[in-house]
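Worksheet: the structure to be examined is printed underneath.
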Amino acid sequence: MQWKNGDTANGQVVASGRGQGRGLHQLYRPTDALIDKETDSLIICDWGNQRVLRWSRRSGTTQGEILINNIACRGLAMDEQRYLYVSDTGKHEVRRYQLGEKIGTLVAGGNGKSDGLNQLNYPTYLFVDRQQNVYVSDNFNHRVMKWNKGATEGIVVAGGQGQGSALTQLYYSEGIFVDTVGALYVADTLNNRVMRWTQEDKKKVTAIVGGNGAGAGANQFSSPMSLYFDRHGNLYVADAGNHRVQRFSIE
């Protein structure tokens with residue numbers, strides 16, 4: 001769906017909308033999407049169909065084109081060189097692809113599912129910085145990992161203390177975002193909050209929104225999933241259990 005800023009009543013279908021199914025004109029439980037401005041198209045993680053699709057945003061487009069098949073994709077990211085990064089919840093790994101490439105290069109995980117520093121357990125959302133370092137929401141390990149470019153193991157940058165509600169813990173991490181000063185934001189799904197982890201010498205962890213129990217209030221979430229910052233510093237959170245997207249102005 002595309003929703004114009006300020007218009008909360010009239011969303012527009014820009015991909016599929018033709019019921020669940022395996023046809024090229026259909027999607028089944030899509031979990032992530034990004035815009036490739038170069039080709040004016042959406043790249044969609046069609047998780048239920050285990051594929052990644054490209055769907056042109058030009059009017060009259062009625063179906064997508066398969067970029068990668070047979071992949072339990074859950075999260076997507078694209079770097080400034082237009083490499084595509086895809087998390088695979090079946091193989092517990094993240095691969096980087098040149099658009100059009102089918103195999104890709106392993107950049108995180110791929111050593112079986114567990115909690116070792118060279119392993120992942122159900123990786124979901126991704127963020128890639130300008131140095132092509134990959135941040136991975138390592139969902140079942142309740143942590144966020146940073147894999148520096150070319151590294152054979154990752155660094156724990158949030159969580160990793162088991163599931164829980166303490167400030168240093170996460171309870172199923174989902175959406176992630178890293179701002180220009182290196183602060184990491186995490187959708188802490190079952191704690192119903194968004195956490196900020198600063199990465200300097202003085203590591204500081206704060207709940208910036210939510211953390212007031214599950215609910216539909218303006219300061220509450222019900223299983224927040226993905227998040228994103230715009231260039232004005234507004235935070236957008238997909239509030240899954242409440243079937244809404246929330247926008248917050250963050251200091």
Side-chain angles (χ1 to χ4, degrees), residues 1-89 94-102 104 124-130 132 134-135 137 174-179 187 224-240 243-248:
M1 300 288 291
Q2 172 183 289
W3 297 76
K4 293 240 169 88
N5 194 13
D7 184 354
T8 58
N10 301 292
Q12 175 189 355
V13 177
V14 290
S16 189
R18 297 177 176 88
Q20 76 177 50
R22 293 193 57 81
L24 288 176
H25 63 296
Q26 294 174 304
L27 299 169
Y28 180 32
R29 298 184 73 186
T31 53
D32 204 2
L34 56 82
I35 294 173
D36 178 16
K37 292 178 182 171
E38 194 92 3
T39 57
D40 193 22
S41 60
L42 290 164
I43 295 177
I44 303 167
C45 199
D46 189 11
W47 183 68
N49 284 321
Q50 303 221 330
R51 65 191 182 185
V52 178
L53 293 178
R54 175 162 50 202
W55 202 294
S56 173
R57 296 207 301 160
R58 297 184 183 100
S59 62
T61 302
T62 58
Q63 66 179 40
E65 153 201 10
I66 296 174
L67 291 179
I68 308 164
N69 225 337
N70 303 314
I71 181 170
C73 69
R74 187 64 199 279
L76 300 169
M78 186 177 275
D79 68 21
E80 292 180 342
Q81 284 78 45
R82 294 185 68 235
Y83 282 100
L84 180 66
Y85 297 74
V86 186
S87 64
D88 186 336
T89 58
V94 180
R95 286 186 174 267
R96 180 180 67 229
Y97 299 82
Q98 272 188 306
L99 288 173
E101 188 183 7
K102 302 294 184 190
T124 57
Y125 290 95
L126 305 173
F127 184 89
V128 181
D129 66 19
R130 290 183 167 180
Q132 295 183 315
V134 183
Y135 293 79
S137 195
E174 289 285 2
I176 52 178
F177 191 92
V178 180
D179 68 16
M225 295 294 284
S226 63
L227 52 82
Y228 184 77
F229 277 91
D230 68 17
R231 61 187 175 188
H232 306 295
N234 296 308
L235 170 66
Y236 298 79
V237 183
D239 187 8
H243 311 285
R244 66 187 183 184
V245 177
Q246 294 262 68
R247 182 176 67 201
F248 301 89

Could you tell me whether the side chain of [X] and the main chain of [Y] form a donor-acceptor pair under 3.5 Å?
| X | Y | answer |
| --- | --- | --- |
| Asn49 | Gly21 | yes |
| Ser226 | Ala238 | no |
| Ser16 | His25 | yes |

Nearest atoms (heavy-atom pairs only) where [X] meets [Y]:
| X | Y | answer |
| --- | --- | --- |
| Ala15 | Leu27 | O-CD1, 4.2 Å |
| Leu84 | Met78 | CD1-CE, 4.5 Å |
| Leu53 | Gln26 | CD1-O, 4.3 Å |
| Thr31 | Cys73 | OG1-O, 3.9 Å |

Pair Asp32-Tyr125, side chain to side chain donor-acceptor pair (under 3.5 Å): steps then yes or no: CA-CA 8 Å; Asp32 204 2; Tyr125 290 95; 5.6 Å; no

Distance flag, aromatic centroids of Phe127 and Phe177, threshold under 6.0 Å: yes

Tyr85-Asp79 side chain donor-acceptor pair, cut-off 3.5 Å: yes

Modelled atom types, side-chain donor and acceptor of Glu174 and Thr124, under 3.5 Å: yes

Minimum side-chain heavy-atom gap Asp129-Tyr135 below 4.5 Å: yes

Full working for salt bridge (charged side-chain N to carboxylate O under 4.0 Å, His left out) between Asp36 and Arg82: CA-CA 8 Å; Asp36 178 16; Arg82 294 185 68 235; 2.7 Å; yes

Within 6.0 angstrom of Tyr28 OH, more than 12 heavy atoms from elsewhere: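 Open: at most 12 neighbouring heavy atoms sit under 6.0 Å from OH of Tyr28.
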
Atom OH of Tyr83: over 12 foreign heavy atoms under 6.0 Å: no

From Trp47 atom CH2 to Asp88 atom CG, the distance as rounded to the nearest 0.5 Å: 11.5 Å

